[in-house]
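Below is one structure, written out as structure tokens; comments come after it.
Numbered from 1 within each chain, the chains take letters A, B, ... in sequence-line order. In this text, all values refer to a predicted model and were calculated from it rather than measured experimentally.
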Amino acid sequence: MASVSSQPQFRYTQPPSKVLHLRNLPWECTEEELIELGKPFGKVVNTKCNVGANRNQAFIEFADLNQAIAMISYYASSSEPAQVRGKTVYLQYSNRQEIVNNKTTADIAGNVLLITIEGQDARLVSIDVLHLVFSAFGFVHKITTFEKTAGFQALVQFSDAETATSAKNALDGRIIPRYLLSDSIAPCTLRITYSAHTDLSVKFQSHRSRDYTNPYLPVAPSAIDGNCQFNLGLDGKKLEPESNVLLASIENMQYAVTLDVLHMVFSAFGPIQKIAMFDKNGALQALIQYPDIQTAIVAKEALEGHCIYDGGFCKLHLSYSRHTDLSIKLNNDRSRDYTVANPALVNPQPPVLGQQPIQTMGQAGHQYNGTQYPAPGMGQSMMPPQPSAGWGASDVPAMPQSMPLQMTNHNPYAPPASMSQMSHGMMQMPGQSGIPSPASTMPHFRPNHM
DNA sequence: AGCACA
């Protein structure tokens, strides 16, 4: 009972070390918090956080072995467990005697972030979605994407390391908000480190790379047509069971497409029960519900690839939605239930911020399971330094609605400042004022028109 | 909730 020397080491027989191993830490745990935790027991000379596959482990190294013993002993007999922000932290002696800090390029702050997108459908995350996500923290200069053994990755270039750091701190380990992705895309987790790059080289605007500082950069031929898998949801990429609800993506939307326009176009094939419009991947999408699958099939076959307007404008791409019955909360300019003759619903409600029939954009922050993270840089005028909402409540919900189409139109690109000035989706496409509105331009849908 | 290293 006394002899332990050659036994495997169990938790109660771990030999003391001035290094303590901590687990079950919260995501946001910082070096400072580790120091706070250890400080009552001695001098913390080194820490290492975000350790392990889940990055919820850490190490604390004390100056003296007795200090580590004091901490272990204290919590061994304390009725209160060690905690970081209310979360119980489990402590034990490390099996090493000192912390080895391998500072790599991934740890050295820089203005370019290396993003690894994890998830079954990571490759389907468009560069526009990434741009949207990262723009919440400051002007994004450039993005390149590529495929490596690590999976689908992107480099995102900010002006400076501070902006990059705020984005990294806020987004590392988070998922891309669901409302930014097609319904059928599996959750995508972002893993973020610093890149050693300082200035990315982008030759073309394409589906793989963008330079947002240079609107005159030529568009890569591959991005002009054909290669639009990202905008299309998952057409052809995945098995899509037929459905009475069609998902329509509208490409090259030089003209506004209204609910009434969609109703008119899709009504040609049968009665429409419901329509819900929303922005996704920076493009307009709509769900159109027919009473039956057969009608939807006919409509899809007839309309796929056709344009609502002459000249290749507002090209439709259709897929089958997973929905079978849309939930329309209220009738407004973006969603309508044609089956309900409820007077209360017939008159459009006043506009609601971030209104979304399918998902409530205003609550998007809840995608993050209530975990709070620091304010994006753009929020400072509205919020104190440590707001509770991140981009969930104030910033990003406005953006999907205001996102200009970037590849399919040739608007002058919004200047950097506008991104942080944007509020509540009010940014209209610049340079479009001379184009007749669809209200005065009857959409002449022609089945044979390409 | 169980030991780090791009």
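Once the 5.5 Å centre distance and the 30° plane angle are applied, the aromatic ring of A/Y90 is found not to be stacked with the base of B/dG2.
Rounded to an integer number of Å, the gap from CD of A/Q92 to P of B/dG2 is 10 Å. Atoms CG (A/N95) and P (B/dA4) sit 8 Å apart, rounded to a whole Å. Rounded to whole Å, atom P of B/dG2 lies 17 Å from atom CZ of A/R96. The nearest whole Å value for the distance from the CG atom in A/N50 to the P atom in B/dC3 is 16 Å. Going from atom CG of A/L25 over to atom P of B/dC3 covers 13 Å, rounded to whole Å. Rounded to whole Å, atom P of B/dC5 lies 16 Å from atom CD1 of A/I108. As rounded to whole Å, 13 Å separates atom C1' of B/dA4 from atom CD of A/E61. In this structure, A/R55 atom CZ and B/dA6 atom P are separated by 12 Å, rounded to whole Å.
Phosphate contact (OP1/OP2 of B/dA1, side-chain N/O of A/N24, threshold under 4.0 Å): present. The side chain of A/R23 contributes no N or O atom lying less than 4.0 Å from OP1 or OP2 of B/dC3.
Within 4.0 Å of A/S94, counting heavy atoms only, lies at least one base atom of the nucleic acid. Here A/I99 lies in heavy-atom contact (under 4.0 Å) with a base. Base engagement by A/V100 is indicated by at least one non-hydrogen atom pair under 4.0 Å involving a base atom. No engagement by A/Y194 is indicated, since no non-hydrogen atom pair under 4.0 Å with the nucleic acid exists.
Comparing A/Q153 and A/N56 by the nucleotide of DNA chain B that holds the closest heavy atom to each, the one mapping nearer the 5' end is A/N56.
Between the side chains of A/S327 and A/K329, at least one donor N or O sits under 3.5 Å from an acceptor N or O.
Nearest nucleotide to the A/H21 side chain, out of B/dC3, B/dA6, B/dC5: B/dC3. Checking B/dA4, B/dA1, B/dG2 against every side-chain atom of A/K48, the shortest atom distance belongs to B/dA4. Side-chain proximity of A/Q57 to B/dA1, B/dA4, B/dC3: nearest is B/dC3.
The aromatic rings of A/Y74 and A/F41 lie tilted to each other, with the angle between the two planes from 30° to 60°.
With respect to A/Q157, the side chain to side chain donor-acceptor pair (under 3.5 Å) criterion is satisfied by exactly one of A/T198, A/D211, A/D199: A/D199.
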In sequence, state the C-alpha distance, the side-chain angles, and the governing distance for A/L190 and A/I117, and then conclude on side chain to side chain contact (heavy atoms under 4.5 Å, CB included). CA-CA 5 Å; A/L190 300 171; A/I117 299 121; 3.9 Å; yes
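With sequence neighbours left out, A/T149 forms a side-chain contact (heavy atoms from CB on, under 4.5 Å) with no residue at all.
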